[in-house]
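My questions all concern the structure below.
Below, chains carry the letters A, B, ... as their sequence lines are ordered, and counting in each starts from 1. Keep in mind that the numbers below use all heavy atoms, side chains included, and drop hydrogens, waters and symmetry copies.
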Amino acid sequence: MEPVRPEFVPDPSLSRAEMETRQTDIADAAAFTDDLAVEPTALGEQPVVAGVDQAFDGDTATSALVLIQGGEVIKRTHATAPTAIPYIPGLLSFREGGAILDAFVGLEREPDVVLVDGSGRIHFREAGLATHIGVTLDVPTIGVAKSLLCGQPRESLDEPLGAGERVAIEADEDVTAPDGTVIGYAVQTRQYDSDSRHINPLYVSPGHRVSAETAADVVARQAAEYKLPEPTRLADAYAGELTS
DNA sequence: GCGACAG
DNA sequence: ATCTTGTCGC
């Protein structure tokens, strides 16, 4: 597949202000409602779920893409690209987006949904990495982050959540969405039984063409033995072996 | 100046 | 993200 909205392909040479303006346009083009097929079809066909993750080696970014269907890996591809700019909170997609889009070029089978490492709507301008990739390719995407960029948990996360629990993340003054808008969920895919050690939740948010609720459902469903959903975990491992 | 923030 | 050994606990 290739960009359906080439004007949104991340351009690292833009000024910071131009990048932020671009993100506003991307958020306007994004759909934070369900427009995807993740349920098995009447014929028993399982959805194709993809996971993308990046690893770095000096100034080279490697993006690894893994497609899974019914628990089986059906495709693995990757791409590399030089990192043109440093990591800047809020502008991550302009650093890593290029390599990610390259990894999708040549994909014959289009995934039903893509799990992206990072935030989607949980972003100052509601245009995180997952949203940027989703809108540019016009493919359903979900942001899966290990820490919270912005927004406010509806309930305190000071106490560990039990496996299967989730807490809504609401927009506050740092986010462009109206205060109180549910922009994502803290999702506890796994948890220890003991009291001394505990696992932190994942921060899941809509990228494009997915609602916050469905995003959380999909991630919970794709995580089995580990904290990370399987497509993301395998993409992470693949990126690691490509870099070593 | 302080705060503060994905990967 | 990446730099890095051991160590705690299931």
Walk me through it: do A:Asp117 and A:Lys146 pass the test salt bridge (Lys or Arg N to Asp or Glu O under 4.0 Å)? CA-CA 8 Å; A:Asp117 66 309; A:Lys146 299 179 211 60; 5.9 Å; no

Have A:Glu96 and A:Tyr87 got a donor and an acceptor in their side chains that come within less than 3.5 Å? no

Comparing A:Ser196 and A:Gln54 on DNA chain C - which has the more 5′ nearest nucleotide: A:Gln54

With a non-hydrogen cut-off below 4.0 angstrom, is A:Ala55 in contact with a base, only sugar-phosphate, or nothing? sugar-phosphate

Atom pair distance, as rounded to whole Å: NE2 in A:His123 and C1' in B:dC5: 10 Å

Does a nitrogen or oxygen in the side chain of A:Ser194 sit under 4.0 Å from OP1 or OP2 of C:dC10? yes

Considering only side-chain heavy atoms of A:Phe124, which listed nucleotide, C:dA1, B:dC5, C:dG9, is closest? B:dC5

Taking every non-hydrogen atom, the tightest pair across A:Ile122 and A:Tyr203: CD1-CB, 4.5 Å

Pairing pattern in dot-bracket form [Watson-Crick, G-U; both distances under 3.5 Å; | = partner strand] for DNA chain B: .......

What is the distance, to the nearest angstrom, from the CZ atom on A:Arg121 to the P atom on B:dC5? 21 Å

In whole angstrom, what separates A:Glu173's CD from B:dC5's C1'? 14 Å

What's the closest nucleotide to the side chain of A:Pro89 if the choices are B:dC5, C:dG9, B:dG7? B:dC5

Separation of B:dA6 P from A:Phe94 CZ (nearest whole Å): 17 Å

On DNA chain C, does the nearest nucleotide to A:Lys146 precede the nearest nucleotide to A:Arg197 from the 5' side, or the other way round? Give the residue. A:Lys146

Please state how far atom CD in A:Gln23 lies from atom C1' in B:dA6, giving the value in whole angstrom units. 12 Å

Over how many whole Å does the gap from A:His198 atom NE2 to C:dC10 atom C1' extend? 16 Å

Calculate the interatomic distance between A:Ile169 atom CD1 and B:dA6 atom P; express it in whole Å. 14 Å

Shortest side-chain distance from A:Asp117, nucleotide among B:dG7, B:dA6, C:dA1: B:dG7

Does A:Tyr87 lie flat on the base of B:dG7, that is, centres under 5.5 Å apart and planes under 30° off? yes

Please report the distance, rounded to the nearest Å, between CD1 in A:Ile88 and P in C:dA1. 18 Å

Need one value for A:Ser147: base, sugar-phosphate or nothing, where a base atom within 4.0 Å counts as base even if backbone is also close, heavy atoms only. sugar-phosphate

Less than 3.5 Å apart, which donor and acceptor atoms pair up between the side chains of residues 14-21 of chain A and the rest of the protein, not counting sequence neighbours?
residue : atom : partner : partner atom : Å
A:Ser15 : OG   : A:Glu18 : N            : 3.1
A:Ser15 : OG   : A:Glu18 : OE1          : 3.3
A:Glu18 : OE1  : A:Ser15 : N            : 2.8
A:Thr21 : OG1  : A:Ala17 : O            : 3.1

Any ion pair linking A:Asp25 and A:Arg125 (charged N to carboxylate O, less than 4.0 Å)? no

Output field dot_bracket for DNA chain C (Watson-Crick or G-U, both distances under 3.5 Å, | for other-strand pairs) contains ..........

Answer with base, sugar-phosphate or nothing: what part of the nucleic acid does A:Leu91 contact at a heavy-atom distance below 4.0 Å? base

Is it the case that atom CD in A:Glu72 sees more than 12 heavy atoms from other parts of the structure closer than 6.0 Å? no

Looking at A:Phe94, I'd like to know if the NZ or CZ of A:Arg22 sits under 6.0 Å from its six-membered ring centre while staying within 45 degrees of the ring's axis. no

Hey, is CD on A:Glu241 packed in by over 12 heavy atoms from elsewhere, all under 6.0 Å? yes

Donor-acceptor contact below 3.5 Å, side chain A:Gln23 vs main chain A:Glu126: no

Donor-acceptor pair, A:Asp112 side chain versus A:Val48 backbone, under 3.5 Å? yes

Within the 4.0 Å heavy-atom criterion, would you say A:Ile122 contacts the bases, only the backbone, or no part of the nucleic acid? nothing

